[in-house]
*Asks:* 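First, the structure itself, so that you have it in front of you.
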Amino acid sequence: MWDVVLDAVLDSLKVFPFLLLLYIIIEVVEEKISTGTKFFKYTQGKYATLVGAGLGLIPQCGFSVVASDLYARRYIKVGTLLAIFIATSDEAVPIILSNPTKAYVIFPILAIKFVFALVVGYGADLILTKYYKSNPLVKGTLKDISAKNHNHEHDKEHKQEHKNNANFELSKTKNENVITEAELEVDGCCGHNIEGKRSTLKQFFLHPLVHSLKVFAYILAINLIMGFVIHFVGEQNVVNFMQSIVWLQPLLVAIVGLIPNCASSVLITQLYLINGISFGATISGLCVNAGIALMVLFKENKNVKHNLFIVGSLLLASVILGYAIMGIMLLF
């Protein structure tokens, strides 16, 4: 029993340093948002999905967790988010590599996941092109940010001219085209201000630390719940059941992969290594598995319809791929 608790704590602690580092990086790039567009060129540009898929291959769910947060704040598009989710392998990579007899399968698994992530990611953005234009999913497109920066610079120059006047006030009047300090503020994650005079320690460390601790607590809670479920149900019972329903495996394994916990990727990988499920079902489950990121998505992003669309697309695409692989392997 205590082993379940210990494993949950250790698994959660492994993610924490990664989260803290990435949230610190996010704070740095947020600092540049109000003065430039480079950040959006990387997160919304044509290479965003390619980079996202590559980062997702790193054996850790940290990138997918942060991707959920970035999407909730509309810094990345749906295609980029889906690419990162599909490419994410969570604990699958180290588990497979630790098995000498089947370590070689990691290469086709990662290759398939990477290519599929690109296809789905770019395909999703292509399909949603018109929707982005009429109903932007991304806050502040490059055009909007550029216009905002232009107006911001104009306002700063206008304000500087008035500073020489002792009677100058920071409030608007009908006869003055002056903006207040509050109107110049830009909110970052959690609604904190990312402009004006701020404490460097608070901005670049304390806030990311608090944010990371909140996510850590959420991850720990889910890890504990899933750990106890796996502990009481038992893996062997799952193996016996899966072997009796071969053609339902891609669908059922994909549903298991949706479970927001590293335990699901561990279970899927271990089932494959002991020949409990097929290669196609394994790919299906690992493509849909994004670790704790799905829970973070629903927690951070308040648009439930968008969340359900993302999860539904992820599940459907992964299941189709799983059955396609099973069909191809039967032919050869």
*Asks:* Kindly write out the residues that satisfy ring pair (Phe, Tyr, Trp, His ring centres under 6.0 Å) with Phe16, not counting sequence neighbours, or none if the list is empty.
*Replies:*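 Listed in chain order: Phe216.
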
*Asks:* Within this structure, what is the OG1-CZ distance for the pair Thr80 and Phe85, rounded to the nearest 0.5 Å?
*Replies:*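 Reported to 0.5 Å precision, the distance equals 11.5 Å.
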
*Asks:* So do the side chains of Phe279 and Ile112 get within less than 4.5 Å of each other, counting heavy atoms only?
*Replies:*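 Phe279 reaches Ile112 side chain to side chain.
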
*Asks:* Ignoring hydrogens and angles, tell me if any N or O in the side chain of Gln243 forms a donor-acceptor pair with the backbone of Ile277 under 3.5 Å.
*Replies:*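 Between the backbone of Ile277 and the side chain of Gln243 there is no qualifying donor-acceptor contact (under 3.5 Å).
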
*Asks:* Would you confirm whether Thr129, through its side chain, and Asp125, through its main-chain N or O, come within 3.5 Å as a donor-acceptor pair?
*Replies:*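 Side chain of Thr129 to backbone of Asp125, a donor-acceptor pair under 3.5 Å: yes, one is there.
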
*Asks:* As a quick check of understanding, evaluate side chain to side chain contact (heavy atoms under 4.5 Å, CB included) for Val66 and Val296, giving each step before the final call.
*Replies:* CA-CA 9 Å; Val66 175; Val296 174; over 6 Å; no

*Asks:* Going only through I, L, V, M, F, W and Y residues with side-chain contacts under 4.5 Å, is there a path from Phe232 to Leu6?
*Replies:* no

*Asks:* Could you pull out the closest heavy-atom pair between Leu224 and Val4, with the gap in Å?
*Replies:* O-CG1, 4.4 Å

*Asks:* Yes or no on side chain to side chain contact (heavy atoms under 4.5 Å, CB included) for Leu13 and Val9, after CA distance, side-chain angles and deciding distance?
*Replies:* CA-CA 6 Å; Leu13 286 174; Val9 172; 3.8 Å; yes

*Asks:* Under a 3.5 Å distance rule, please check whether Tyr122 uses its side chain to pair with a backbone N or O of Lys46 as donor and acceptor.
*Replies:* yes

*Asks:* Are any of the side-chain heavy atoms of Thr282 and Ile325 separated by less than 4.5 Å?
*Replies:*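 SC-SC contact between Thr282 and Ile325 ruled out.
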
*Asks:* Check whether any side-chain N or O of Ser284 sits under 3.5 Å from a backbone N or O of Gly322 as a donor-acceptor pair, and report yes or no.
*Replies:*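 Answer holds: no.
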
*Asks:* Supply the atom-to-atom distance Leu81 CG to Ile310 CD1, rounded to the nearest 0.5 angstrom.
*Replies:* 5.0 Å

*Asks:* Without swapping roles, check the side chain of Lys113 against the backbone of Leu57 for a donor-acceptor pair under 3.5 Å.
*Replies:* no

*Asks:* Do Leu97 and Ile268 share a hydrophobic cluster (ILVMFWY, side-chain heavy atoms under 4.5 Å, transitive)?
*Replies:*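 Cluster IDs for Leu97 and Ile268 match.
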
*Asks:* Taking Lys302 for the side chain and Lys299 for the main chain, is one N or O donor matched with an acceptor at less than 3.5 Å?
*Replies:*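 The answer is yes, because a donor-acceptor pair under 3.5 Å joins these two groups.
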
*Asks:* Say whether, by atom type as modelled, one donor and one acceptor occur between the side chain of Asn307 and the main chain of Asn301 under 3.5 angstrom.
*Replies:* yes

*Asks:* To the nearest 0.5 Å, what is the distance between OH (Tyr71) and CD1 (Ile84)?
*Replies:*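 The OH atom of Tyr71 sits 13.0 Å away from the CD1 atom of Ile84.
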
*Asks:* Please report the shortest heavy-atom distance between Asn289 and Ser264, naming the atom on each side.
*Replies:*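 The answer is ND2-OG, 2.6 Å.
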
*Asks:* Would you check if Val51 and Leu55 make a side-chain contact, meaning some heavy-atom pair closer than 4.5 Å?
*Replies:* yes

*Asks:* Out of curiosity, Ile320 CD1 to Cys287 SG, how far, rounded to the nearest 0.5 Å?
*Replies:* 12.0 Å

*Asks:* Can Leu330 be reached from Val246 by stepping across I, L, V, M, F, W or Y side chains whose heavy atoms are under 4.5 Å apart?
*Replies:*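 As far as the 4.5 Å side-chain criterion goes, Leu330 and Val246 are connected within one cluster.
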
*Asks:* Which heavy atom of Lys102 sits nearest a heavy atom of Leu273, and at what distance?
*Replies:* NZ-O, 3.6 Å

*Asks:* Are the side chains of Ile259 and Val256 in touch, meaning some heavy atoms are under 4.5 Å apart?
*Replies:* yes

*Asks:* Just by modelled atom types, is the Ala254 backbone N or O under 3.5 Å from a matching donor or acceptor in the Ser318 side chain?
*Replies:* no

*Asks:* If you round to the nearest 0.5 Å, how far is CD of Glu300 from CG of Leu70?
*Replies:* 10.5 Å

*Asks:* Can you name the nearest heavy-atom pair linking Phe114 to Gly54, along with the distance?
*Replies:* CE1-N, 3.8 Å

*Asks:* Give a yes or no on whether the backbone of Gly121 and the side-chain of Thr49 come within a donor-acceptor separation of less than 3.5 Å.
*Replies:* no

*Asks:* Which pair of non-hydrogen atoms, one from Ala281 and one from Pro250, has the smallest distance, and what is that distance?
*Replies:* CB-N, 3.9 Å

*Asks:* How many angstroms lie between CD1 in Ile283 and CG in Leu321, if you round to the nearest 0.5 Å?
*Replies:* 7.0 Å

*Asks:* Between Leu316 and Leu248, is there shared hydrophobic-cluster membership here, with clusters defined by ILVMFWY side-chain heavy atoms closer than 4.5 Å?
*Replies:*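 Different hydrophobic clusters.
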
*Asks:* Run the side chain to side chain contact (heavy atoms under 4.5 Å, CB included) check on Tyr323 and Ile328 step by step: do they pass?
*Replies:* CA-CA 9 Å; Tyr323 278 112; Ile328 293 173; over 6 Å; no

*Asks:* Answer yes or no: is there a side-chain heavy-atom contact under 4.5 Å between Leu286 and Tyr272?
*Replies:*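 SC-SC contact between Leu286 and Tyr272 ruled out.
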
*Asks:* Taking a hydrophobic cluster as the set of Ile, Leu, Val, Met, Phe, Trp and Tyr residues connected by side-chain heavy atoms closer than 4.5 Å, whether directly or through intermediates, do Trp247 and Val319 fall within one such cluster?
*Replies:*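 Same cluster.
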
*Asks:* Ignoring hydrogens, what is the shortest heavy-atom contact between Gln249 and Ser278? Give both atom names and the distance.
*Replies:* OE1-N, 2.9 Å

